[in-house]
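On a predicted model such as this, the values are computed, not experimentally measured, just so you know. Count residues from 1 along the sequence.
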Amino acid sequence: MTDPRGFLKTPRRPVPARPVEERLNDWHEVYAGQALLPLVSEQAGRCMDCGIPFCHSGCPLGNLIPEWNAYAFRGDWRAAAERLHATNNFPEFTGRLCPAPCEDACVLAINADPVTIKNVEQAIADQIWERGYASPKPPERLSGKTVAVIGSGPAGLAAAQQLTRIGHTVAVYERADRIGGLLRYGIPEFKMEKRHLDRRIEQMRAEGTKFRTGAAIGSDLDAGELRRRHDAVVVAVGATERRELPVPGRDLYGIHQAMDYLTLANRVREGDYAASPVTAEGKHVVIIGGGDTASDCLGTALRQGAARVVQLDINPEPGDARSEAEPWPITHPKVYRISHAHEEARGREGTDPRVFSSATLRFEADGAGHVRALHLTEVEPRARKPRPDTEREIPAELVLLALGFSGPERGTGLMAQLGLTLDDRGNFARDDAFAAETAEQAVPKVRTRTDGVFVAGDAGRGQSLVVWAIAEGRSAAAATDRYLTGSTVLPAPIVPKERPLAA
């Protein structure tokens, strides 16, 4: 274990981000160039090595957090790397992108500040690459079985790597021009530089995984034919059916879906454009939505030089502490959180850019059919009905809709060609039964009614966190391997219907 009195002697000290003024002038990660060591090793010493480490259950991957905390505390980075990779294919992604539900489940969080688990994870992940601990792991022998993975987001990549390493021949099909899914085009560079993604893809290529870009399965390529050419298919296309805002004026120019806006900004970073065709430069920007995508739009708009940014959140402003209705450790509390983008906006304006308990009534046009203003209203916290006499108008020259997603896209042909159906949540339906009698051998089938077709990630779960996507990919790989060979040694951390509890 770590220092048995570390949590008493050492206060929580997260790794500081770069100064706001500095990072708003570039697209590098907010922690780029910041020294993680030895601060992280000291912070890892706050881990108590609890008899029941609830941080394990806080993470769907089942990360062995006390173990790699102990190794990081001692500076044994090779052992820490082995323990971290034992449950997580891509810790450099999760260490940067995950909101760390494991920290909310930390025992210290009962009455004190939790361990900085996310910082420790990122530090170990970076040491893995700096010290050469991420060498490719090609299989010793091939099984003779072939698997097609449709989609190259975190779920698809995790499934592909697990299946390749166990000996199957895997091809990943991606409809975009580059591999990575939302990791490539949905996550801004200041949250995760794409070099981290690129080197993982190169590692997977060296292990034997094949990649096919520009392959739109269901439209350009028949999914049924793909199934006939492979022994199994894993569908990991994500939940990309975007929610709309059906209010007057929605069709005006200057109103865009958030993911279209983020994709264009990321393509600028990839070198496809000199400047984004949709830019916030010099404009009054309104972002509608309260989640991570809205925060990503906020940080992007600030870096593009927006004149002012307002973020509308229909939810009430949360409190600073966990409520009694959100018991520790089984719920992720809805508390007031400040993302790096919110910190940047506050640094510029001096106030939080979010307007809570607000909803959009309609948009106003200028003389050329372009949006110029937005009418909003306060709403009741629970019923979300407009409050009388609270309507007001704010300037809006660029409006970004970050309202989330309602499941996988329906109109691509993929559903019909593979015989997929939807469950009551609007996601691809799959079998939640176990494929073995004993708990030790239990592997979730995650299978559809079509023989040999499996669903992983947001396509079957609905929009979720990157840790859930990787856990889904690992479970789908285990189910696929069992289908192909009759047994498996691959881990299956979650079952299809398992979800985080929320009040």
Peer 1: If I take atom CD from residue E498 and atom CD from residue E472, how far apart are they, to the nearest 0.5 angstrom?
Peer 2: 9.5 Å

Peer 1: Among side-chain atoms of E326 and H332, is any donor-acceptor pair under 3.5 angstrom?
Peer 2: no

Peer 1: Return the minimal non-hydrogen interatomic distance between C55 and I117, and the atom names on each side.
Peer 2: CB-CD1, 4.2 Å

Peer 1: Under the criterion side-chain hydrogen bond (donor to acceptor under 3.5 Å, both in side chains), which of R195, Q122, R199, R200 is the partner of E92?
Peer 2: R200

Peer 1: Could you check whether N88 and T94, counting side-chain N and O atoms only, form a donor-acceptor pair closer than 3.5 Å?
Peer 2: yes

Peer 1: Is the distance between the ring centroids of H340 and Y31 under 6.0 Å?
Peer 2: yes

Peer 1: As a quick check of understanding, evaluate salt bridge (Lys or Arg N to Asp or Glu O under 4.0 Å) for R178 and E270, giving each step before the final call.
Peer 2: CA-CA 10 Å; R178 293 181 178 92; E270 294 281 0; 3.6 Å; yes

Peer 1: Answer with yes or no after comparing the ring centroid distance for F454 and Y483 against a 6.0 Å cut-off, counting only values under it.
Peer 2: yes

Peer 1: Can you tell if the side chain of L418 reaches within under 4.5 Å of the side chain of I217, non-hydrogen atoms only?
Peer 2: no

Peer 1: Which heavy atom in V237 sits nearest to a heavy atom in P408, and how many Å separate them?
Peer 2: CG2-CB, 4.4 Å

Peer 1: Consider only side-chain N and O atoms of R474 and N89, and report whether a donor and an acceptor are under 3.5 Å apart.
Peer 2: yes

Peer 1: Where do G208 and T164 come nearest, in terms of heavy atoms and distance?
Peer 2: C-CG2, 4.1 Å

Peer 1: Could you tell me which non-hydrogen atom of Y173 sits nearest to which non-hydrogen atom of A215, and how far apart they are?
Peer 2: CD2-CB, 3.9 Å

Peer 1: Return the minimal non-hydrogen interatomic distance between T480 and A232, and the atom names on each side.
Peer 2: CG2-CB, 3.7 Å

Peer 1: Quick one: closest heavy-atom pair of A72 and V120, and the distance?
Peer 2: CB-CG1, 4.0 Å

Peer 1: Going by side chain to side chain donor-acceptor pair (under 3.5 Å), name the pairs with one or both residues in residues 9-18, residues two or more places apart or in two chains.
Peer 2: D3-K9, R12-E103, R18-E22, R18-D26

Peer 1: Between R267 and Y185, is NZ or CZ placed under 6.0 angstrom from the six-membered ring centre and within 45° of the ring axis?
Peer 2: yes

